[in-house]
Number of protein chains: 2
Amino acid sequence: MSASRVTIKDVAKLAQVSIATVSNVINGTGRVSPETQRKVEQAIGQLDFAPSASARNLKDKKSSLIAVVVPLLEKGRLQDNPFYWHLVRGIEESARGVKLHVILVGIGPDETFSFVREQHLDGLIFVGAFARTELVESMLRLGVPCVFMDSLVDDPSFYQVALDDELGGYIGTKHLLSLGHERIALLTGVLLEGGVNYCRWQGYRRALEEAGVPYRPELVYEEPTSSLGGYRAASRIGAKTGGITAVFALSDMAAIGLVKGLHDLGIVVPRDISVVGFDDDERARYCIPALTTVRQDIVEKGRTAVRLLTAQLEREPLAERRVTLGVELVPRQSTAPPSR
Amino acid sequence: MSASRVTIKDVAKLAQVSIATVSNVINGTGRVSPETQRKVEQAIGQLDFAPSASARNLKDKKSSLIAVVVPLLEKGRLQDNPFYWHLVRGIEESARGVKLHVILVGIGPDETFSFVREQHLDGLIFVGAFARTELVESMLRLGVPCVFMDSLVDDPSFYQVALDDELGGYIGTKHLLSLGHERIALLTGVLLEGGVNYCRWQGYRRALEEAGVPYRPELVYEEPTSSLGGYRAASRIGAKTGGITAVFALSDMAAIGLVKGLHDLGIVVPRDISVVGFDDDERARYCIPALTTVRQDIVEKGRTAVRLLTAQLEREPLAERRVTLGVELVPRQSTAPPSR
DNA sequence: CGAGAAAATGAAAGCGTATTCTATCGAAGG
DNA sequence: CCTTCGATAGAATACGCTTTCATTTTCTCG
């Protein structure tokens, strides 16, 4: 079978030095003469030695591991929004740059976070609205660096990366208003106070108010954030009775489903109804018609989270613990002035 | 600051037993009287003790960690195909079920795999065509269980999960043939011998051959597997000169870009040109027109990979080390008989 | 050339767990 | 009542590394 693991001892023996010296060479600590260094390095190369992370972690109480914690849907399923891939790859790319590995973990409503302590995780990135406040608090109490993304918390002592959701809601709505729309429906996921949809909804209201257009609660459609949710909402939104001429969907997924649903009903976008999405998912550009949307840079969001994490790991004081990323309206073909 | 870590010693002291007994209680090993067990469990609960994975790993030379290894694009970027999310979540969901954690790692063309040994990884899932054969071989030599997904290797001793790509290529093409198309273009990513596109291409050829339609190399368009790649191919494919009436795109991403590109050229799908995609990405259903495509279950692919991995970890002999998942044609609205 | 300083190296002690081996205790058997 | 055995509990050790501290070697300069 495979020979037993090569240890620092084997290296020391081969290089005819002590294990402490080998350790020093590896970590660049202490003082080592160039000649010894060379000998050791050669021995390492020859034996193809790789220091055991477990042993090192045991000593240092670190792990070079950070976890991306994503809330689970029903039945232990992870969110199926491919959006998450961009987030995760942004995180992985940055983490790799600072020699951290990323472990992906779905967390259910009644699971324990014991693995965090078991694994000596160096940090956590919580994605999405976390209701499990007791758990989160216990993490913070343990002194494990945490970053919250799109979270509900409003505590300035928390490290957070968020999007200027209110502004996003505002500019999307404003775009439709400036085209001349007044009966603008809002297609949103669940409106949880403090959550992303909630903030966007606030921006929607602000835009309406500024334009002197009355806010009508009956134009707010709360549906699951998915293409299917959007598709299903189409029939209700498209009903002539509402007189709706534009819809602001708070995710591209929902917007795409909506457009499809409207299309299947014979309602043409943007001629009959204008649609604005949110995210600027890659597919938005390739829709027919191409989707006007509010752009956010998800990969950048992931990178920012890692930056906030490493700032904590390295005890860098940060001017602002909460980073709010910008949004941008991307006008395409799914919006047009209302037809008379 | 936070009190120093709770160890098994503290538990032992509180429960007034030895650490060995505590260890036995935790792992269900040895023989422990019910009363002692209760005492220990209470102490664990009281101290909120979580055993150190590092220490355990050091002892056991395990880590309960598996890595999903994804080849990097240029500049350390991870693949941006959201497709990967479904794969990764399939893996995570299954891994969680068997108490394994998933670490995501992008691997570049000249990076070393040292982290695999450093972290004592229990297993690896290689995704995509891996050219780094030396590295892979060194992993196998180390005895680290590996599973290859969509790989180039054709060695039956390797654990692999693949798709019946040849059949996928066949049924997609056959569908178009049966509608009456003859000049069927193939829009593919890079054709690497043994790779997924290559197999699908073989299926395409077989279908043509069976139908007595001559294979024309000039109808094969090798473009990057992306929406942009598809979009760019549109002008060449749509040129009247080719007389192309149908296109089989080997990914939904490319198909969607293609449809958009054709649309922008005033070419209507499926009236002027039929399009078939591959994957059955969620978005395929919500396209306008909804995309006919060859369906594969990516989440299942991830689950299967974990199954193959755990089979190795538990030394279960497996009848077949290579699992080939099926494909299925999903007819939708992007295909129709050719117009005269 | 020798004393003291600086540089290089090595010995040893943990880090927190699993595990083997020994010791103890109570009960069953003679 | 003593022996023997099974059931439990505990002491000791190893896992591979980092790190402090002491020790040895080399260098510098009076």
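Order of the sequence lines fixes the chain letters, A, B, ..., with proteins taken first and strands second; residue numbering starts at 1 for each chain.
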Next item on the list: Step by step, work out the salt bridge (Lys or Arg N to Asp or Glu O under 4.0 Å) result for A:R303 and A:D297.
Entry: CA-CA 10 Å; A:R303 293 206 194 96; A:D297 190 335; 5.4 Å; no
Next item on the list: Determine, stepwise, if the pair B:T29 / B:N24 fulfils side chain to side chain donor-acceptor pair (under 3.5 Å).
Entry: CA-CA 5 Å; B:T29 53; B:N24 281 334; 2.7 Å; yes
Next item on the list: Sequence neighbours left out, what pairs pass ring-ring contact (aromatic ring centres under 6.0 Å, His included) with at least one residue falling in residues 37-84 of chain A?
Entry: A:Y84-B:W85
Checklist line | Side-chain ion pair, B:E92 and B:R96, N-O less than 4.0 Å | finding: yes
Between N or O atoms, less than 3.5 Å apart, protein on one side and nucleotides 26-28 of chain D on the other: list the pairs.
none

Check: Do other residues, nucleotides or ligands put more than 12 heavy atoms under 6.0 Å from B:E314 CD?
Finding: yes
Margin query: Once you measure the plane-to-plane angle for A:F148 and A:F158, does it fall in the parallel (<30°), tilted (30-60°) or perpendicular (>60°) bin?
Written below: parallel
Next item on the list: Provide, to the nearest angstrom, the distance between the CZ atom belonging to A:R31 and the P atom belonging to C:dA5.
Entry: 17 Å
Notebook entry, point to check: Are any non-hydrogen side-chain atoms of A:L14 and A:V11 less than 4.5 angstrom apart?
Noted result: no
Distances under 3.5 Å only, N/O to N/O: pair up the protein atoms with those of nucleotides 16-20 of chain D.
from: D:dG16; atom 1: OP1; to: B:K61; atom 2: NZ; distance (Å): 3.1
from: D:dG16; atom 1: N2; to: A:A55; atom 2: O; distance (Å): 3.4
from: D:dC17; atom 1: OP1; to: A:S52; atom 2: N; distance (Å): 3.3
from: D:dC17; atom 1: OP2; to: A:I8; atom 2: N; distance (Å): 2.4
from: D:dT18; atom 1: OP1; to: A:N27; atom 2: ND2; distance (Å): 3.2
from: D:dT18; atom 1: OP1; to: A:R56; atom 2: NE; distance (Å): 3.2
from: D:dT18; atom 1: OP1; to: A:R56; atom 2: NH2; distance (Å): 3.4
from: D:dT18; atom 1: OP2; to: A:S23; atom 2: OG; distance (Å): 2.8

Margin query: Restricting to side-chain hydrogen bond (donor to acceptor under 3.5 Å, both in side chains), what partner residues turn up for A:Q119, sequence neighbours left out?
Written below: none
Margin query: At 10 degrees resolution, what angle do the end axes of the helix from C:dC1-D:dG30 to C:dG30-D:dC1 form when each is taken over five base pairs?
Written below: 50°
Note to self: Counting C-beta onward and ignoring hydrogens, is there a side-chain heavy-atom pair between A:V17 and A:V40 closer than 4.5 Å?
What the structure shows: yes
Checklist line | Residues in side-chain hydrogen bond (donor to acceptor under 3.5 Å, both in side chains) contact with A:N81, at least two apart in sequence or another chain | finding: none
Next item on the list: Report the distance from atom CD of A:Q119 to atom C1' of C:dT17, rounded to the nearest whole Å.
Entry: 14 Å
Check: To the nearest Å, how far apart are A:R38 CZ and C:dA8 P?
Finding: 16 Å
Notebook entry, point to check: Between B:K62 (NZ) and D:dC15 (C1'), how many Å, whole number?
Noted result: 15 Å
